[in-house]
Amino acid sequence: MILEMKGIIKKFGNVVAINEVDFQLNEGEVHALVGENGAGKSTLMKIIAGVYQPDSGEIFVQGKKAAISSPSESQKLGISIIHQELNLIPYLTVSENIFLGREPKNLGFVDYKKMKRNTLELIKQFDLDLNPKALVKDLSIGEQQVVEILKALSLKPDILIMDEPTAVLTEKETSKLFELMQLLKKRNVSIIYISHRLPELKIICDKFTVLRDGKWVKTAEIQDFTEHDIANLMVGRELEDMYPSVPANIGKEILRVEGLTQSGHFNNINFSLKQGEILGFSGLIGAGRSELANAIFGGDPADEGEVYWKGKKIKYKSPIKAVQDGFGFATEDRKETGLILDMSIANNITLPSLKKYKRAGFVNKKSEYRDIQQQIKDLNIKLYNMYQAVKNLSGGNQQKVVLAKWLVADTEIFFFDEPTRGIDVGAKREIYHLISNLAKEGKGVIVISSELPELLGICNRILVMYNGEINGEFSHEEASEQVLMRKATGL
Amino acid sequence: MSNMQTSPEAKVEERSSSNNKFFIWLQYFWANYSVIFAFIILFILASIASEHFLTPLNLTNMLRQISVIGILAIGMTFVILIGGIDLSVGSVLALTGTVVMASQVDFGASIFTAILFGLFAGLLVGLVNGLVITYGKIAAFITTLAMMTIARSAALYYADAGAISGLNSDYTIIGNEYLFGLPIPVYVFIIVVVISFILLEKTAFGRHIYAVGGNSRAAHLSAVPITRVTIAAYMICGLTAAIGAVIETSRLNSVSTSSSGSMYELDAIAAVIIGGTRLTGGQGKIIGTVFGILILAILSNIMNLMNISPYIQGAVKGAIILVAVLLQKRS
């Protein structure tokens, strides 16, 4: 046993984040750590990484009792962590990022030759395709993740912690990552793997541990359990009907796109959407799906082509007119483009629709707050005060705030870009049902997602984009993971 | 969800609903208004340090002295809230002051018309700043740095680096007279504060200011007219510089193109920062700026009363700015 944690307790104020958790990690094992958002996974990992000190409990590394008082202490014990958020410096090269703070030196100056040599060695060792002199800002998100992993591996860790490494990766990059993990396993590196994507756990992990509300629930061999079992352990109850029934009441066409083109992003896109329909967009990251939605919405207008909204030709130069007409766009990145993180929940919700509450130039707070309260109740947003900053909410609740924003704006056509990224199973299920209910009320819904099961689960129709073009269209009945994947990879 | 009773969030909820509501309120209050406590402490210390401090004459004088910088700082608050900066306000004060005086002296305009011209000039400079920053996509720091030298140079050129003095003594009423025991400039300052407070707290425009400063990309995608909001913020800042110019020039019935408004931008920025507005935008309050300016005012007033060398006063002010920002980081 390389790592053992016994009776770990960690409190923040009166809140018990970790409550008497035991955890064991064997040599050369890939151990999945799962649980809903707020279950305590990240806190537990931060204790191992030396970011937090436990209030009580013991930690043993390779049989010896360890007091991990700081991140550098943790590194010395052979523990390396890859955080969920990328921590790279965009204007430094790959090798400069990997050896940041640990640059090889010669007579006090950075030995760039040695640094490049060491980087190339790492790249070769793991059979990767990466230029050590490339600037990080020019890399794709997937490649940046690889740099982050190399950075962790350059420390030659015995224990590697990976916090949702695949959240931003394409399927192809994910399978590459799994190959890399297999390689590490062979070299007897032990891996703690945190992910919300249950199917991939079955592929890569040996064991799993479930945490719920800060408490240990179960540790077992992963092959003895189905994904469904694990999901149920996470939420502590039967998770019936993950996906709602597919909407059946399809109405008139409300959106038609003809020959839409934006150079470098997408080319000659044609499709239409009807009232009450959920239309899915599948494809790899970089296929042009988000850019397409953003162009229709007016965030970054297209170069050529036409868009018809209820039969009327439209050309939005900014989102202002689009929102007036009833468009709503829940972007793929809540933190960067979806929410004003320091603003209150209440003010975020009504930001696009303040016009509605204008009385003699002033915002009528009474009617505004009535609508906000209604949304908070309807969507079951968990908070203690609607004036608190939205950044303090969990991912699932933040996503609900984004949704509430567009609901208040009387949106008629919803664009959801990765609506469930980084949120837990329970909240995902709620989001699916909310999306489905919108369609059932007669709204038009477009869902862009990299998670095939969710597109297959909720969409009437799925379009697959490849390299900026639509490469396939499937009805709910025709679609399967295999055909979508084939079309998404250009076959 | 069914497990709500046991989730950590729910625990926070239980906790806050009972005895900790006050604590959370206090935290919120401290985060936003810690500058008020600082002001009260400083006020008490100043009252103890000098017997001349707490006299009506001293206090009203102090208020009159800060009203110009105070008005500038209010305009600056809008600009800093959207994540910008305006280094040109001091020079714009000189330029708009020149417009006001020259309109009266060289073009025979009435006081009222001259003031209107001045205010219009302030708005115009703000508009140019805003257009260059939004459509020209040049950083606010660079744009307003350039405007700072351009505006100053334009004023200097017009008056050959000299002063323009007015002939109509009625104009001096604004800067020198009292109304119900308070100097008129203080009323102007209060009016600017009240209007700005209402704009920021009660209107959609105010909400948009915070949204643009908090995250301009997200604001753009939430249908906030970010270009218009940005331009408006710089125009407000230009307008406040022009209002300041009217008070300043009316005080002596004269404008000095070389020294009027010189370095005022730094005091205005300092007041905004001491007042708790985040330099990167999105967070801050008008009330904070008001107390920020009051703190600066008490500091220089008490140092003068205690005969502290003016040469060391700058160091004290600088130290206070650093302490204020350090304290805000803690909270």
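Throughout, protein chains are lettered first and strands after them, A, B, ... in sequence-line order, and every chain is numbered starting at 1.
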Spacing of Ile340(A) atom CD1 and Tyr210(B) atom OH [to the nearest 0.5 Å]: 13.5 Å
Which pair of non-hydrogen atoms, one from Met343(A) and one from Ala211(B), has the smallest distance, and what is that distance? CE-N, 3.6 Å
Go through the atoms of Lys335(A) and report whether side chain, backbone, both or neither lie under 4.5 Å from a heavy atom of chain B. backbone
Between Gly299(A) and Leu221(B), which heavy-atom pair has the shortest distance, and what is it? CA-CD2, 4.1 Å
Where Gly298(A) and His220(B) come nearest, the two heavy atoms and their spacing: O-NE2, 4.5 Å
Can you tell me which of Trp406(A), Phe297(A), Phe362(A) forms the most heavy-atom pairs within a distance under 4.5 Å of chain B? Phe362(A)
Between chain B and each of Leu393(A), Asn364(A), Thr350(A), Asp342(A), count heavy-atom pairs under 4.5 Å; write down the option with the most. Asp342(A)
Side chain Asn215(B), main chain Leu341(A), donor-acceptor under 3.5 Å: no
Highest number of heavy-atom pairs under 4.5 Å with chain A: which of Arg217(B), His208(B), Lys202(B)? Lys202(B)
So for Glu336(A), is it side chain, backbone, both, or neither that comes closer than 4.5 Å to the heavy atoms of chain B? both
Could you check whether Arg207(B) pairs with Glu368(A) (Lys NZ or Arg NE/NH1/NH2 to Asp/Glu carboxylate O, under 4.0 Å)? yes
Among Leu339(A), Ile320(A), Asp333(A), the residue with the most heavy-atom pairs under 4.5 Å to chain B is Ile320(A)
CG/Leu354(A) to OG/Ser222(B) distance, rounded to the nearest 0.5 angstrom? 10.0 Å
Between Gly282(B), Gly214(B), Pro225(B), which shows the greatest number of heavy-atom pairs under 4.5 Å with chain A? Pro225(B)
